[in-house]
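These numbers come from a predicted model, not from an experiment.
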Amino acid sequence: MRTDLFTDPVDGLDEALSAVDAFDRALVSGLLRPQPDQAAGLAALATAVAGTPLAAQVAEAADKAAAGAAGEDHLVALAAARTALMGSVHDALTERVADITGRPRVEGNTADTTADEPGAHVLAAARAWLCDLARAGWQGIDHDLVSGAAPVVSAMLPDLRLRRQATLLDGFAAELAASCPGATLDRVPLRRWADLWTRALLLTLPGATRTPALSTATGRLLPLGVDVQEHATAVQAQVHAVFEPADGTEPRLVRAAVSAPKPDTVVGAGLWQLLRPRMSLLAAVGECRAMELDGMPVTDEGDLVWDDERARTGEPADPFGTARVVLATATDPATAPLDRHPARIAVPVLLEGYTVEADVEDEGAGRPVFALAGHRLAVDTDRIPTAGPLTPEAVAASGACLGLLRWDAGEFVLQPLAVETTVRKKAVAAHAGAWAGGTTDKAGVRAEKAATDSVAVLRERAGKLLRA
C-alpha cells in the first residue's frame with residue numbers, strides 16, 4: 001500500500017472545489033436578484049467547464065442567472081456543471097485510491113438501459129419547486145416555500161419507480177423546514193444543501209430514472225464488514241464483501257444493502273431487529289460465514305439486488321483472513337455517472353503494522369490517527385455505530401484495522417469496520433456488525449430487549465388508534 005499518497009496533493013482538486021464553492025455561495029442569497037459577488041461565482045462555474053461539451057450551455061446559463069433571468073433549463077445547466085465538477089473530483093480521488101491500494105478498477109459500462117420514464121408531470125412539479133428554491137436562496141426559505149414539496153412527495157410515493165426521488169426530496173425539505181426562516185440562520189451548510197439541490201434537480205430529468213442493467217452472480221460471497229447508517233426515521237446496513245465467481249474469474253468487491261423505516265425510540269443494537277428479517281446475509285455477517293450465491297442479480301456498479309432465495313449460508317470465513325488473502329486482488333467496482341461524488345467514496349482496505357496516536361489538530365477531541373510507514377491517516381470513530389461491540393477504545397488499542405477509506409473535509413480518513421487487538425497474546429477481533437444476526441453479549445442483549453419493549457408499546461398504541 002502506498003501510504004505516502006494519503007497526503008500528497010491531487011492536481012486540479014483545489015481549483016475544481018473552489019469553483020464549486022463559488023457557485024454554492026451564490027445560492028445563499030438566491031438567484032432572483034443576484035449581486036456582483038454572486039455573478040462572479042456563476043462565472044467561476046462557467047469558466048471551470050469552459051473546455052467541456054457543457055461550455056456553451058453553462059456560459060449562457062451563468063449570464064442569464066447573473067441577470068436574474070434564469071429559466072428552468074438554465075438552472076438545470078448550472079446543476080449539471082456543478083455535478084460534472086464534483087464528478088471530476090470523484091474521478092481524481094478514485095484514481096488516487098487505486099494508486100494507494102494497487103487494485104484494478106472495472107471500466108464503466110456505457111451500455112444503454114431499458115427506458116423507464118414514470119410520472120413526467122410529477123417530476124416536472126418537483127423540478128419547478130427546486131427552481132423556486134434556487135431563486136429564493138437559502139436565506140430566503142420560509143415554511144410556505146418549503147411546504148410546496150409536500151404534495152409533490154405525496155404524489156411520488158405511491159410509484160415505486162419514483163421512491164428514490166421522493167425520499168431525497170422529502171429529506172431535503174425536512175432539513176430546510178427545520179431551518180426556517182432562512183433569514184435567521186447563523187450558518188448555512190453550503191455544500192450539503194447544494195449537493196442535495198443539484199442531485200434532486202438532475203434526478204427529475206428524463207433518463208435519470210432508468211433501471212440499471214443487471215447481470216447475475218454465482219459463486220462465493222465473503223463479507224468484510226457492515227456500514228450502518230442511521231437517521232431518526234430510517235436505518236440502512238450496507239455489507240461490503242468480496243465475491244469469488246464460480247467460473248474462476250477474478251474476484252471483485254460488491255455491496256448489499258438493506259434498509260427499513262424505524263421509530264426514533266429504536267436505537268443501538270435494536271436496529272438489527274428491523275433489518276434482520278429482510279436479509280439473511282446479516283446472520284452470516286454476525287457469524288463470520290461466507291454465503292453461496294446462485295444467480296443473484298448484480299448491477300455493473302457492484303450492488304447486489306439481494307434475494308434470500310438465491311443465497312445459502314456457507315463455511316466460516318474470517319473477514320481479516322479474507323482481507324489478507326483476497327482483498328488485494330479484488331477488482332474495485334465502477335461508479336454510475338450520477339453517483340460520482342467524493343462523499344460516495346468508500347473503499348475497503350486493510351491496515352496493519354501501524355501505531356495509534358491522538359490527532360493534535362482535533363481541538364482536544366482525541367480523534368485517533370494511524371501512523372504507518374512515516375505517514376498519518378485520520379480515523380473517523382464518529383462513524384462507528386452503537387449497534388455493535390466495536391468502540392473507539394478498541395480502535396485505539398488495535399494492531400490491525402479493516403475499514404473503508406473515505407474522503408472527508410479535504411483529506412482521506414478511515415472508517416473502521418473491524419479491528420484486531422491482542423488480549424493475553426491472542427488476536428481478538430471486534431466487528432461493527434458482530435450483533436447483526438443476534439448476540440449473547442450482555443450489552444447487546446440489553447439493547448435488543450429495550451428495543452423489543454419500545455416496538456411492543458408502539459404497536460399497542462398503533463392498534464388502539466386503528467380501533468378508535
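Contact detail for Ala61 and His74: the closest heavy-atom pair is CB-O, 3.4 Å. Here the closest heavy-atom approach between residue Val242 and residue Leu253 is recorded as CG2-CD2, 3.8 Å. Closest approach of Ala65 to Ala70, counting heavy atoms only: CA-CB, 3.7 Å. Minimum heavy-atom separation, Arg276 to Trp435: NH2-O, 3.3 Å. Taking each heavy atom of Phe370 and Val356 in turn, the nearest pair found is CE2-CG2, 3.8 Å. A pairwise comparison of heavy atoms in Leu93 and Pro342 identifies CD1-CB, 3.8 Å as the closest pair.
Atom CZ of Arg163 has more than 12 heavy atoms from other residues, nucleotides or ligands within 6.0 Å. Remark: Gln57 CD is loosely packed, at most 12 non-hydrogen atoms of other residues, nucleotides or ligands lying under 6.0 Å away.
Between the Arg199 side chain and the Leu338 main chain, a donor and an acceptor come within less than 3.5 Å of each other. Side-chain atoms of Ser154 do not come within 3.5 Å of backbone N or O of Pro151 as any donor-acceptor pair. No donor-acceptor distance shorter than 3.5 angstrom exists from the side chain of His431 to the backbone of Gly433, with no hydrogens or angles considered. Remark: the backbone N or O of Arg135 is not paired with any side-chain donor or acceptor of Arg33 at under 3.5 angstrom. A donor-acceptor pair under 3.5 Å links the side-chain atoms of Asp308 to the main chain of Ser280, judged by distance alone. Formation of a donor-acceptor pair under 3.5 Å by the Gln38 side chain with backbone atoms of Gln35 is found in this model. Ser18 contributes no side-chain N or O that, together with a main-chain N or O of Asp14, makes up a donor-acceptor pair within less than 3.5 Å. Judged purely by atom type and a 3.5 angstrom limit, Trp129 uses its side chain to pair as donor or acceptor with the backbone of Leu145.
The structure places OG of Ser179 at 10.5 Å from CH2 of Trp138, a figure rounded to the nearest 0.5 Å. How far OG1 of Thr101 is from CG of Leu327: 8.0 Å, rounded to the nearest 0.5 Å. In this structure, the separation between SG on Cys401 and CG on Leu372 is 11.5 Å, given to the nearest 0.5 Å. A distance of 10.0 Å separates CG of Leu417 from CD of Gln238, quoted to the nearest 0.5 Å. Taking CG of Asp24 as the reference point, atom CG of Leu17 lies at 10.0 Å (rounded to 0.5 Å).
Comment: Arg127 does not engage Asp73 in a salt bridge, judged by the lack of any side-chain N to carboxylate O separation of less than 4.0 angstrom. Salt bridge annotation for Arg383-Asp227: absent, with no cationic side-chain nitrogen under 4.0 angstrom from a carboxylate oxygen. Using a 4.0 Å cut-off between a side-chain N of Lys or Arg and a carboxylate O of Asp or Glu, Glu301 and Arg255 do not qualify as a salt bridge. Comment: Arg164 engages Asp339 in a salt bridge, judged by a side-chain N to carboxylate O separation of less than 4.0 angstrom. The pair Asp380-Arg406 does not count as a salt bridge, with every side-chain nitrogen at least 4.0 angstrom from each carboxylate oxygen.
A search for ring pair (Phe, Tyr, Trp, His ring centres under 6.0 Å) contacts involving Trp272 returns nothing, not counting sequence neighbours.
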Salt bridge (charged side-chain N to carboxylate O under 4.0 Å, His left out) evaluation trace for Arg82 with Asp195: CA-CA 9 Å; Arg82 186 187 184 279; Asp195 279 343; 2.8 Å; yes
